[in-house]
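So the structure is just underneath, and the comments pick up after that.
Nothing here was measured: the structure is a model prediction, and the numbers come from that model.
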Amino acid sequence: MNPESRLLAFVAAMTRLAQAHAGDEDRLVDGATPLMKELLAHDDWLPTAMAAAHPQHYQQHLLYGDPLDRFSLVSFVWGPGQKTPVHDHTVWGIIGMLRVSECAQRYERGTDGRLTPDGSELTLRPGELDIVSPTRGDIHVVRNALADQVSISIHLYGGNIGRVARHVFVPDSGEVKNFVSGYSNALAPNLWARSSA
């Protein structure tokens, strides 16, 4: 398969999967996992514009948004040392490493609202996956594993993640802030990066 066809093949297969198993998280995640592994097995398909780092903050580029908001595919480009706040997703997600490496630390939220680390920090290398969802563990902080290189991961979500209402957490205080992430390429000429009417 030529590089230009890889993303199209993934989107076509994911669309068929979403049509067959709408609303069934387990079947969607199980079916999407091998599709993600196949996409990540080749590092020759990501458009250059979707791999560009920003010197001050990570970039979240929309690669494809399903017109019915059943899924979205996003490239996360991490400049050296960049990281997210502690956050959730509220939908299922499969995170796959394409280039270099990133680290993720999961958190549990106690009855008092405070967060505590849940297990050890996970390090993803090219081809490796992590899964998040409200039923499997949904709160984490993610960072570039390296302080001197750009890292890129590919994220598949069970919704249009740029329009999903989510939460940022302050671990020490338990404070919760609402946010909608949008996309770094929101001005790109595609339907799915726009705000809902």
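- Under the 3.5 Å distance criterion, the side-chain polar atoms of Ser75 are matched with a main-chain donor or acceptor of Met50.
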Would you please test Leu40 and Ile154 for side-chain contact (heavy atoms from CB on, under 4.5 Å) and show each step?
-> CA-CA 8 Å; Leu40 295 167; Ile154 306 299; 3.9 Å; yes
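- No donor-acceptor pair under 3.5 Å is formed between the side chain of His42 and the backbone N or O of Asp44.
- Here the straight-line distance linking atom OG1 of Thr15 with atom CZ of Phe71 works out to 3.5 Å at 0.5 Å rounding.
- Between the side chain of Tyr157 and the main chain of Ser72, no donor-acceptor pair closer than 3.5 Å is present.
- A heavy-atom distance below 4.5 Å is found between the side chains of Ile152 and Leu46.
- One finds the CZ atom of Phe10 at 11.0 Å from the OH atom of Tyr64 (value rounded to the nearest 0.5 Å).
- Side chain to side chain, Glu102 and Ser151 fail the donor-acceptor criterion of an N or O pair below 3.5 Å.
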For the pair Ile95 and Leu129, evaluate side-chain contact (heavy atoms from CB on, under 4.5 Å) and give the outcome as yes or no after the intermediate values.
-> CA-CA 5 Å; Ile95 298 141; Leu129 305 178; over 6 Å; no
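- Val74 and Leu124 are not part of a single hydrophobic cluster, where members link through side-chain heavy atoms under 4.5 Å apart.
- Considering every non-hydrogen atom in both Ile94 and Met36, the closest pair reads O-CE, 3.6 Å.
- In this structure, the side chain of Thr123 does not engage the main chain of Cys103 through any donor-acceptor pair within 3.5 Å.
- Checking side-chain atoms of Asn185 against main-chain N and O of Leu62 turns up a donor-acceptor pair under 3.5 Å.
- A salt bridge (Lys or Arg N to Asp or Glu O under 4.0 Å) check over residues 123-134, counting only residues at least two apart or in different chains, returns the pairs Arg106-Asp130.
- Counting heavy atoms from C-beta on, the side chains of Arg143 and Thr84 never come closer than 4.5 Å.
- There is a path of hydrophobic side-chain contacts, each under 4.5 Å, that joins Leu28 to Leu156.
- Here CG of Leu73 is found 6.5 Å from CG of Leu7. Values are rounded to the nearest 0.5 Å.
- Inter-residue side-chain proximity for Arg163 and Asp69 is flagged as met; some heavy-atom pair is nearer than 4.5 Å.
- The CG atom of Asp43 sits 10.0 Å away from atom CE of Met97, with the distance rounded to the nearest 0.5 Å.
- Separation of atoms NE2 (His155) and CG (Leu63) is listed at 10.5 Å; rounding is to 0.5 Å.
- Put simply, Ile139 and Ile161 are part of two different groups of oily side chains (I, L, V, M, F, W, Y) that touch within less than 4.5 Å, one to the next.
- Considering all non-hydrogen atoms of both residues, Ala147 and Pro80 come closest at O-CB, 3.1 Å.
- A ring-centre distance under 6.0 Å is found for His87 and His140.
- When only modelled atom types and interatomic distance are considered, Arg166 and Ser181 share a side-chain donor-acceptor pair under 3.5 Å.
- Within the 4.5 Å cutoff, the side chain of Asp118 has no heavy atoms near those of the Tyr107 side chain.
- A donor-acceptor pair under 3.5 Å is formed between the side chain of Gln60 and the backbone N or O of Gly182.
- Judged by distance alone, the side chain of His89 and the main-chain N or O of Asp138 form a donor-acceptor pair under 3.5 Å.
- For the pair Arg136/Asp26, a side-chain contact is recorded, criterion being any heavy-atom separation below 4.5 Å from C-beta on.
- Aromatic ring pairs are classed by plane angle as parallel below 30°, tilted from 30° to 60° and perpendicular above 60°; the pair Trp78 and Tyr58 is tilted.
- Taking NE2 of His167 as the reference point, atom OG1 of Thr90 lies at 7.0 Å (rounded to 0.5 Å).
- Residues Asn2 and Trp45 form no side-chain contact, since every pair of their non-hydrogen atoms from C-beta on lies 4.5 Å or further apart.
- A distance-only check finds a donor-acceptor pair linking the side chain of Gln82 to the backbone of Gly79 [under 3.5 Å].
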Verdict with reasoning, Thr33 to Lys37, per side-chain contact (heavy atoms from CB on, under 4.5 Å) | CA-CA 6 Å; Thr33 295; Lys37 287 183 178 178; 4.0 Å; yes
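- Annotation: side chain of His61 is in contact with side chain of Val77 (closest heavy-atom distance under 4.5 Å).
- Using a distance-only test at 3.5 Å, with no hydrogens or angles considered, a donor-acceptor pair links the side chain of Gln105 to the main chain of Gly119.
- The residues Asp88 and Arg109 are annotated as not salt-bridged, no charged nitrogen and carboxylate oxygen being separated by less than 4.0 angstrom.
- One hydrophobic cluster, built from ILVMFWY side chains closer than 4.5 Å, cannot hold both Val164 and Phe179; they sit in different ones.
- Contact check for Trp92 versus Ile131: no side-chain heavy atoms found under the 4.5 Å cut-off.
- The one candidate from Val141, Val168, Val170 that meets the side-chain contact (heavy atoms from CB on, under 4.5 Å) condition with Val86 is Val141.
- In terms of heavy atoms, Asn144 sits closest to Ser101 at OD1-O, 3.4 Å.
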